[in-house]
Enquirer: 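Mind looking over this structure? Questions follow.
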Amino acid sequence: MEEAFVSCLSEYGMAPAKAYQQITEELAGDGNPYQDLGSFTAVRMQPEANRLICDTLGKNLANQNEYGETTSIHKKLVATIADLLHAPDPAHAAGTSTSGSSEACAIAMLMHKWLWQAGTTTESRKPRGIPNIVLGTNAHLVWRKFALYLGVEVREAPFDGINNYPLGAMLSLIDENTICVVAVMGSTFSGFCDPVKEINGALMEMNARNGWNVGIHVDGAIGGFILPFVTNSRKPVWDFALPLVRSINLSGHKFGLVYPGLGWLMLRDQTMIPEHMNMTASYLTGNTQSYAISFSRSSSLVIAQYFNFLHYGRAGYGAVIEKCLKNARHVASGLEAMGCFELISDLTLPVIAFSFTSGLEGREADFTSALRSKGWMLPFYQMPAGIECKAMRIVIREDMSRERLEALLTDIAEAVASLSPQTCLYRQAG
Ligand SMILES: *Cc1c(COP(=O)(O)O)cnc(C)c1O
């Protein structure tokens, strides 16, 4: 039955305390973000960060001259992130905060498209056909979405199997109208990291052979704030250290550890910004320059990112990531010990994608609703083309303590037992 329309704009309003109480009661029906297993975004920050966020909510990031200190903090953050990503000249770094990685991906695609149109990335010829981007099927939906908006053709290379990047198939899709290759550092489906170093090497050779100049955009929404702080030897080379990596997006609100609403677009250097894209607005005090899509945004989440950099430092971020990775390995082996799950993720990042082994296939909906009755929200979805299975995903975030994860493993074991006591070996994780 269709719900009748009820306007929430009353004639005379109500007292703030009453409105507060009513909204709080309504929101109590929401899920608990701490039990949102599939989500990448930060759910908590330090009390001092919360205070700074409240203090700065009313400062508009677009008013750059009015809020000169905020503008200079923004600039410092861009240079710091550029340095973290091995940009050639961090002091003159190019980049901007955005509302999330999605906005950053949209701007990046526009920049690559305009550079291709201007012929500056492809000296030897003028553009002829329809521009295209080339990526693996593990890329996020935003790339298909903005390609559609911007008239760019998407060419997808299907995976050869789990954790097996289709390098050959990807290369065969590139031609003179390719505006860039998108590599994903941390697929949303599994946390799998595309081999950017190999892609860079193969592309250098291909460019030299054909007189092209196809570059790489790295979607670092998940891994962008993880990989710079990982110290183990399996750490991949993926950022501006590779010559063909020209732009990178990161989600400040994922492992940048800031609340939802903050992303970053980082560019190799200023030449990535097409002249006409660097808009100057003169109707506020003085001139302001921006190449983000949004004009007005609160400065509070940029300030929150600044707080995290000052508070955590490199060692603090490193410790958070190390804890998440350790917890991810613990939960993954707990799942494997139950005998009815197959691990999909390689755990380079703290993302655990897994599927049912034979016997329980097709029971994902029953399983996740059994967990939902205990408050846990666990997504399940079809893996991308080339990988024929349904996956479930647990993202191990900063807020997840070992105790809560033990409780989760117990609830998972019970949920599995309720489905099919005879199918699983079902050993309690020790
Ligand atoms: C989350 C995500 C995005 C979208 O980013 P938002 O920050 O949510 O806008 C893009 N790409 C990947 C790989 C992601 O995981």
Side-chain angles (χ1 to χ4, degrees), residues 61 64 71-123 131 133 135 140 142-143 146-147 150 152 178-185 194 196 199-200 203-204 207 213-221 223-225 227-228 237-252 256 262-280 288-294 297 302 305:
L61 202 56
Q64 292 176 11
T71 304
S72 103
I73 287 171
H74 186 278
K75 223 173 146 183
K76 271 195 277 192
L77 290 172
V78 167
T80 302
I81 297 169
D83 180 47
L84 211 53
L85 302 180
H86 304 104
D89 183 8
H92 302 95
T96 181
S97 68
T98 59
S99 59
S101 275
S102 307
E103 184 185 348
C105 295
I107 304 164
M109 196 185 291
L110 256 180
M111 286 181 169
H112 284 280
K113 186 182 169 191
W114 273 332
L115 289 170
W116 165 83
Q117 262 164 356
T120 49
T121 62
T122 43
E123 274 92 27
I133 52 163
L135 36 75
H140 194 278
V142 298
W143 294 103
F146 292 123
L150 300 175
V152 172
T178 300
I179 61 171
C180 69
V181 169
V182 175
V184 187
M185 281 320 263
D194 290 358
V196 190
I199 295 170
N200 180 82
L203 214 45
M204 298 256 285
N207 282 340
N213 194 8
V214 178
I216 301 169
H217 173 90
V218 179
D219 182 346
F225 280 110
L227 296 166
V237 181
W238 67 282
D239 58 17
F240 294 123
L242 299 167
L244 288 182
V245 173
R246 299 197 170 133
S247 51
I248 299 175
N249 66 276
L250 308 85
S251 289
L262 184 70
W264 296 94
L265 171 65
M266 300 303 303
L267 306 165
R268 181 171 196 87
D269 52 43
Q270 300 279 346
T271 66
M272 280 298 297
I273 307 165
E275 195 71 38
H276 62 292
M277 206 166 171
N278 216 339
M279 296 282 177
T280 300
T288 64
Q289 282 206 320
S290 166
Y291 44 88
I293 291 175
S294 304
R297 270 197 301 137
V302 169
Q305 184 82 73

Enquirer: Kindly determine whether I199 and D194 satisfy side chain to side chain contact (heavy atoms under 4.5 Å, CB included), including the steps that lead there.
Expert: CA-CA 8 Å; I199 295 170; D194 290 358; 4.3 Å; yes

Enquirer: Do R246 and F240 have side-chain heavy atoms sitting under 4.5 Å apart?
Expert: no

Enquirer: Any side-chain heavy atom of L262 within less than 4.5 Å of one from V302?
Expert: yes

Enquirer: How close do A93 and A82 get, counting heavy atoms only, and between which atoms?
Expert: CB-CB, 3.4 Å

Enquirer: Taking the side chain as every heavy atom from C-beta outward, state whether I248 and L267 have any pair of such atoms under 4.5 Å apart.
Expert: no

Enquirer: Counting only N and O atoms by type, is there a donor-acceptor contact under 3.5 Å from the side chain of N249 to the main-chain atoms of L265?
Expert: no

Enquirer: Show the nearest heavy-atom pair for residues W143 and C105, with the distance to one decimal.
Expert: CZ2-SG, 3.4 Å

Enquirer: Can you list the steps and then say if S102 with F146 is a side chain to side chain contact (heavy atoms under 4.5 Å, CB included)?
Expert: CA-CA 9 Å; S102 307; F146 292 123; 4.2 Å; yes

Enquirer: Do any N or O atoms from the side chain of K113 and from the backbone of V152 form a donor-acceptor pair under 3.5 angstrom?
Expert: no

Enquirer: Walk me through whether V182 and I216 qualify under side chain to side chain contact (heavy atoms under 4.5 Å, CB included).
Expert: CA-CA 6 Å; V182 175; I216 301 169; over 6 Å; no

Enquirer: So which heavy atom on A94 is nearest to which on V78, and how close?
Expert: C-CG1, 4.1 Å

Enquirer: Find the distance between CG (D219) and NE2 (H140) and round it off to the nearest 0.5 Å.
Expert: 7.5 Å

Enquirer: Could you tell me whether the side chain of Y291 and the main chain of I107 form a donor-acceptor pair under 3.5 Å?
Expert: no

Enquirer: To check you understand the geometry: which heavy-atom pair defines the closest contact between A241 and V237, and what is its length?
Expert: CB-CG1, 4.4 Å

Enquirer: So do the side chains of F225 and Q305 get within less than 4.5 Å of each other, counting heavy atoms only?
Expert: yes

Enquirer: Could you state the interatomic distance from CG (L77) to CG (L84), rounded to the nearest 0.5 Å?
Expert: 11.5 Å

Enquirer: Do L244 and M204 have side chains that get closer than 4.5 Å, going by heavy atoms?
Expert: yes

Enquirer: Any side-chain donor-acceptor pair under 3.5 Å between T98 and R297?
Expert: no

Enquirer: Does any non-hydrogen side-chain atom of L61 lie less than 4.5 Å from one of S97?
Expert: yes

Enquirer: Taking it one step at a time, do N200 and W238 satisfy side chain to side chain donor-acceptor pair (under 3.5 Å)?
Expert: CA-CA 9 Å; N200 180 82; W238 67 282; over 6 Å; no

Enquirer: For the pair H112 and H217, name the ring-plane relationship: parallel under 30°, tilted 30 to 60°, perpendicular over 60°.
Expert: perpendicular

Enquirer: Compare every heavy atom of W264 with every heavy atom of A104, then report the nearest pair and how far apart it is.
Expert: CB-O, 3.6 Å

Enquirer: On a heavy-atom basis, which atom in T96 and which in H74 lie closest, and how many Å separate them?
Expert: CA-CE1, 3.9 Å

Enquirer: Indicate yes or no for a side-chain donor-acceptor contact from E103 to the backbone of G263 under 3.5 Å, with no hydrogens or angles considered.
Expert: no

Enquirer: Indicate yes or no: at least one non-hydrogen side-chain atom of M266 is less than 4.5 angstrom from one of L250.
Expert: yes

Enquirer: Go through L242 and V196 one step at a time and tell me if the side chain to side chain contact (heavy atoms under 4.5 Å, CB included) criterion holds.
Expert: CA-CA 8 Å; L242 299 167; V196 190; 3.7 Å; yes

Enquirer: R268 versus S247: any side-chain heavy-atom pair under 4.5 Å?
Expert: no

